[in-house]
> 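Quick one: this structure, given as structure tokens, is what I'll be asking you about.
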2 protein chains.
Amino acid sequence: MKRTILIFAALIAALLILFQLSKYSYASGDASIEIIIAFIAVIFFFIGIYINKKSRTPAIDNAPQVNKKSLEQLGLSRREYEVLLEISQGLSNKEIATKLFVSESTIKTHVSNLLVKLDAKRRTQAIQKAKTMGILPN
Amino acid sequence: MKRTILIFAALIAALLILFQLSKYSYASGDASIEIIIAFIAVIFFFIGIYINKKSRTPAIDNAPQVNKKSLEQLGLSRREYEVLLEISQGLSNKEIATKLFVSESTIKTHVSNLLVKLDAKRRTQAIQKAKTMGILPN
DNA sequence: ACTCCTTTCATACTAAAGTACTAAAATGCT
DNA sequence: AGCATTTTAGTACTTTAGTATGAAAGGAGT
């Protein structure tokens, strides 16, 4: 939470600085307004990508009607919960890896950890337990 | 249904015959009443086991709030549906085999057929599909 | 800075799951 | 009684899943 505030504060500050710079440059005539605009555009393009990437790792936060208390008590990490969701959709490790842009090894690691935390021996059991705990949507 | 009626009719007939025999034997004194009683007890013991076994294969019929139309359209057999239920409870093939008193090979056969009928590649996908079809309880 | 946690990935196995046939009883229906 | 389906089971593989372990990099908090 503190991170988010700091990031946004930094963004606003950066924006103000850019505005000041653009004003100065425009007045002194040593840079065309088009270049300034393009510069700002590019920076905000990447900021947009970054913010989108951060907020699009939803997992726990944007999870719909879900028992968040149980979720936290389990100690499942974001990624683990994300993998759990894909498992409950019937995907294989390889498919999950492709979908999340990581290797199958990584998914296996997540699955192993997730099984321990859910005290399950198999992914199907993990699904069942998660459902009865109200951790999964639907 | 007809089978059940016939079986019960046969059972009642057998019971009457045993009663007649016991009466005759008791009167003629060539068999002690205890042996007759023991005989009847043993027979009804096994009948009890048989009836219990038959009625305890619930599957489709006693399935709770379940979309029976989808179920029939899928063409899932009783046993296949039974196996599907156990899969959704997170059991392994071996565990299901133990629970249903059959070999693991048999369960594998059921699972394979069930996956084809549900058009699923994995058991987890079968669970997901079955849930969205309203075929599974909960 | 240091430390904990998370995420990533790899190797090397072991254990389940699934597939493809084949085949024999049993069950159910006509 | 005969036929179709279901249930059972086996063998022989191939493919996923899951475990164990080690390791590197980055984020977050003290």
Side-chain angles (χ1 to χ4, degrees), chain A residues 1-7 10 50 53-54 56-57 59-61 71-72 74-84 86-88 90-127, chain B residues 1-7 50 53-57 59-61 71-72 74-84 86-88 90-127:
Chain A
M1 285 305 167
K2 289 176 184 175
R3 290 178 51 75
T4 312
I5 293 171
L6 284 175
I7 289 173
Y50 179 76
K53 188 188 169 191
K54 279 290 174 184
R56 205 174 40 69
T57 44
I60 297 169
D61 306 314
L71 238 183
E72 286 172 24
L74 278 174
L76 279 183
S77 75
R78 286 190 183 193
R79 215 50 165 166
E80 285 162 2
Y81 182 64
E82 220 165 354
V83 170
L84 176 60
E86 301 299 343
I87 287 178
S88 77
L91 300 192
S92 69
N93 289 338
K94 195 172 291 180
E95 288 171 339
I96 297 172
T98 302
K99 191 168 182 180
L100 301 184
F101 304 106
V102 294
S103 80
E104 195 186 343
S105 304
T106 305
I107 300 301
K108 281 189 177 186
T109 305
H110 289 323
V111 172
S112 263
N113 294 333
L114 159 179
L115 288 179
V116 170
K117 291 180 182 176
L118 277 167
D119 189 31
K121 288 177 189 166
R122 284 163 290 283
R123 43 173 57 207
T124 49
Q125 200 178 359
I127 295 174
Chain B
M1 285 305 167
K2 290 175 184 173
R3 291 179 52 79
T4 312
I5 293 170
L6 284 174
I7 289 172
Y50 179 77
K53 188 187 169 191
K54 279 290 173 184
S55 68
R56 208 173 36 70
T57 45
I60 298 169
D61 306 315
L71 238 184
E72 287 172 23
L74 278 175
L76 279 183
S77 73
R78 284 192 184 193
R79 214 51 167 166
E80 285 162 1
Y81 181 65
E82 218 164 355
V83 169
L84 176 60
E86 301 300 343
I87 286 177
S88 76
L91 300 191
S92 69
N93 289 338
K94 196 172 291 181
E95 288 171 338
I96 298 172
T98 303
K99 192 168 181 181
L100 300 184
F101 305 107
V102 294
S103 80
E104 195 185 343
S105 304
T106 305
I107 301 300
K108 282 190 176 186
T109 305
H110 289 323
V111 172
S112 264
N113 293 333
L114 159 179
L115 288 179
V116 171
K117 291 180 182 177
L118 277 167
D119 189 30
K121 289 178 188 167
R122 284 163 290 284
R123 43 173 55 209
T124 49
Q125 200 178 1
I127 295 173

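The chains referred to below are lettered A, B, ... by the order of the sequence lines, with proteins before strands, and numbering in each begins at 1.
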> Atom CD of B:Q125 to atom P of D:dA17: distance rounded to whole Å?
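Taking atom P of D:dA17 as the reference, CD of B:Q125 is at 11 Å.
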> Of the residues in residues 102-113 of chain B, which ones touch DNA chain C at a heavy-atom distance under 4.0 Å?
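Listed by number, they are B:K108, B:V111, B:S112.
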> Heavy atoms only: give me the nearest B:I96-B:V83 pair and the separation to one decimal.
CD1-O, 4.2 Å
> Show every side-chain hydrogen bond (donor to acceptor under 3.5 Å, both in side chains) that has at least one partner inside residues 109-119 of chain B, sequence neighbours left out.
B:E80-B:K117
> Has A:N93 got a side-chain N or O lying under 4.0 Å from the OP1 or OP2 atom of D:dT16?
no
> D:dT7 C1' sits how many Å from B:F101 CZ, rounded?
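Nearest whole value for this atom pair: 16 Å.
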> Starting the side chain at C-beta, find the nucleotide from C:dT19, D:dA17, D:dT19 nearest to B:R122.
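For B:R122, the side-chain atoms sit closest to D:dA17.
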> Find the distance B:L114:CG to D:dT6:P and express it as a whole number of Å.
13 Å
> Please give, in whole Å, the distance from D:dT6 P to B:Y81 OH?
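My rounded result for the distance is 17 Å.
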> Taking the nucleotide of DNA chain D with the nearest heavy atom to each, does B:K117 or A:T124 sit closer to the 5' end?
B:K117
> So, does A:Q125 use its side chain to make a donor-acceptor pair with the main chain of A:K121 at under 3.5 Å?
yes
> Output the rounded distance in Å from CG (B:L91) to P (C:dA16).
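Those two atoms, CG and P, are 14 Å apart.
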> Calculate the interatomic distance between A:L118 atom CG and D:dG18 atom P; express it in whole Å.
12 Å
> Closest approach to the side chain of B:S77, judged atom by atom: which nucleotide of C:dT7, D:dG18, D:dT6 is it?
D:dT6
> Take atom CZ of B:R79 and atom P of D:dA9, then tell me their distance rounded to the nearest Å.
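Taking atom P of D:dA9 as the reference, CZ of B:R79 is at 9 Å.
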> Stepwise, does the side chain to side chain contact (heavy atoms under 4.5 Å, CB included) test hold for A:R79 with A:T106?
CA-CA 10 Å; A:R79 215 50 165 166; A:T106 305; over 6 Å; no
> So, does B:R123 get its side chain near the phosphate of C:dG18, meaning an N or O under 4.0 Å from OP1 or OP2?
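Checking B:R123 against C:dG18: at least one side-chain N or O falls below 4.0 Å of OP1 or OP2.
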> Please give me the minimum heavy-atom distance between A:A126 and A:L84, naming the atom from each residue.
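Heavy atoms of A:A126 and A:L84 come nearest at CB-CD1, 4.4 Å.
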> Looking at every non-hydrogen atom in both residues, tell me the closest pair between B:L115 and B:R122 and how far apart they are.
CD2-O, 3.4 Å
> Identify the heavy atoms of A:L76 and A:L114 that sit nearest to each other, and give their distance.
CD2-CA, 4.1 Å
> Just compare C:dG18, D:dA17, D:dG18 and give me whichever is closest to any side-chain atom of A:S92.
D:dA17
> Rounded to whole Å, please give me the gap between CD1 in B:I127 and P in C:dA17.
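Those two atoms, CD1 and P, are 11 Å apart.
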